[in-house]
2 protein chains.
Amino acid sequence: MSRSTFSSELDSFDLAILRILQNDSTTPQREVGEQVNLSAPSVQRRIKRMQRDGVIAVQAAIVDPARVGLPLTIIVEIELKAETGGKIDEIKETFLEAPEIQQCYYVTGEVDFVLIVIVSDMAEYEDLTQRLFFSNHNIRKFKTFVTMDRTKTNTSLNI
Amino acid sequence: MSRSTFSSELDSFDLAILRILQNDSTTPQREVGEQVNLSAPSVQRRIKRMQRDGVIAVQAAIVDPARVGLPLTIIVEIELKAETGGKIDEIKETFLEAPEIQQCYYVTGEVDFVLIVIVSDMAEYEDLTQRLFFSNHNIRKFKTFVTMDRTKTNTSLNI
DNA sequence: ATCTCTCGTGCAAGTTTGTTTCGTTGATTG
DNA sequence: CAATCAACGAAACAAACTTGCACGAGAGAT
């Protein structure tokens, strides 16, 4: 089995390694190697390359928000004003800077952005809406969905 | 500084450790210790406990979906039929089992579920809608938002 | 076909990190 | 005040990571 000439291409070994690490990144390289039939150094070189190339974005500890005082997950749909053309990047930047906004998607359809916000209580969310939504003249309106249950919050992909 | 008598409570050391690990879980315990003013064994004991107690859900490699052949992120809003009361758990189970569904939130408001789906192309998404949405008689309707840009897909919390 | 260049590999040695042990300290309680 | 308990750090130890090196397979050129 051989690697493509493009360094950014992944072969079946790389995918097998990713399948393991996206479920548990603490798995020792030796054990990963055993599962994919590769030596530990080889596994390490592949991981290093995938980190360098951005295939692996980060290795992170995923924290349960309810256990650190952030029991409220809120999904927000944002609709911009029609004439808001060149200000998209500006709005994205605003959302990127807000630590309460965990995820932000720029979407097609009836709305323009979908946000996932994680806060400690409704007061904090109200404060956020004042700072980021009501005071932003490019936002026509927004809709709030309070989540009752975080049924599934995976980080792994179907690879 | 002391720990509460409840083993599941977190003190400021624990939070400091989490702040580091949720951004980079490969940080050596020794280095974490230096940053929070604790010895490496102490850091380790706290990490172990937080893993055991579920404060740290998993440590995972976060993979860029576009780099592994999954360039399409789709957000789906699902509205159930009114009489669908006791079948919520059944529907949740369906979503939990589907590997293309990365996230699922059960929400209040105009819709009942918000899903984040990651697939390779529209054909795969259409297939998913047939299998999970159209064939499910508890679903009244669903709305699809195709994302143009994954502006922010953090896993870290504002702690 | 043969040569050569490149790339990835495994092994082994060396380095760093993670883990366990053990004695001490400080706070709490009887 | 003594006993108890929980958490700590230093040191010893085990495991994992990292690096250097030589080998072998595949690609391209002659």
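Excluded from the calculations below are hydrogen atoms, water molecules and symmetry mates; all remaining heavy atoms, backbone and side chain alike, are included. Naming convention: chains lettered A, B, ... in sequence-line order (proteins, then strands); numbering from 1 in each chain.
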In whole Å, what is the span from the [atom1] atom of [X] to the [atom2] atom of [N]?
X: B:Asp14; N: D:dA6; atom1: CG; atom2: C1'; answer: 14 Å
X: A:Gln59; N: C:dT17; atom1: CD; atom2: P; answer: 15 Å
X: B:Glu9; N: D:dA6; atom1: CD; atom2: P; answer: 16 Å
X: A:Asp11; N: D:dG26; atom1: CG; atom2: P; answer: 14 Å
X: B:Phe13; N: D:dC8; atom1: CZ; atom2: C1'; answer: 10 Å
X: B:Gln44; N: D:dA12; atom1: CD; atom2: C1'; answer: 15 Å
X: B:Lys48; N: D:dA6; atom1: NZ; atom2: P; answer: 19 Å

| In residues 16-40 of chain B, what residues come within less than 4.0 Å of DNA chain C, judged by heavy atoms? | B:Pro28, B:Gln29, B:Arg30
| Distance below 4.0 Å between A:Arg45 side-chain N/O and D:dC17 OP1 or OP2 |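 Negative; the distance criterion is not met.
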| query | Within the structure, does a side-chain N or O atom of A:Ser42 lie under 4.0 Å from either OP1 or OP2 of C:dG8? | reply |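 No, no such contact exists.
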| task | Please report the C-alpha distance between A:Arg131 and A:Glu100 in whole Å, then the side-chain angles of each, then the deciding distance to 0.1 Å, and finally whether the salt bridge (Lys or Arg N to Asp or Glu O under 4.0 Å) criterion is met. | result | CA-CA 12 Å; A:Arg131 281 187 292 117; A:Glu100 307 93 337; 3.0 Å; yes
| query | Side chains of B:Ile74 and B:Val76: does their closest heavy-atom pair fall under 4.5 Å? | reply | yes
| Under 3.5 Å, side chain of B:Asp121 to main-chain N/O of B:Ala123, donor-acceptor pair present? |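 Between the backbone of B:Ala123 and the side chain of B:Asp121 there is a qualifying donor-acceptor contact (under 3.5 Å).
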| message | Between the side chains of B:Glu79 and B:Lys143, is the shortest nitrogen-to-carboxylate-oxygen separation below 4.0 Å, so that they form an ion pair? | response | no
| message | Below 30° counts as parallel, above 60° as perpendicular, anything between as tilted: where do the rings of A:Phe133 and A:Phe95 land? | response |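 If you compare the ring of A:Phe133 with that of A:Phe95, the planes turn out perpendicular.
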| request: Would you confirm whether the ring centroid of B:Phe113 sits within less than 6.0 angstrom of the ring centroid of B:Tyr105? | output: no
| request: Among the candidates D:dC8, C:dT9, C:dA12, find the nucleotide nearest to the side-chain atoms of B:Arg46. | output: D:dC8
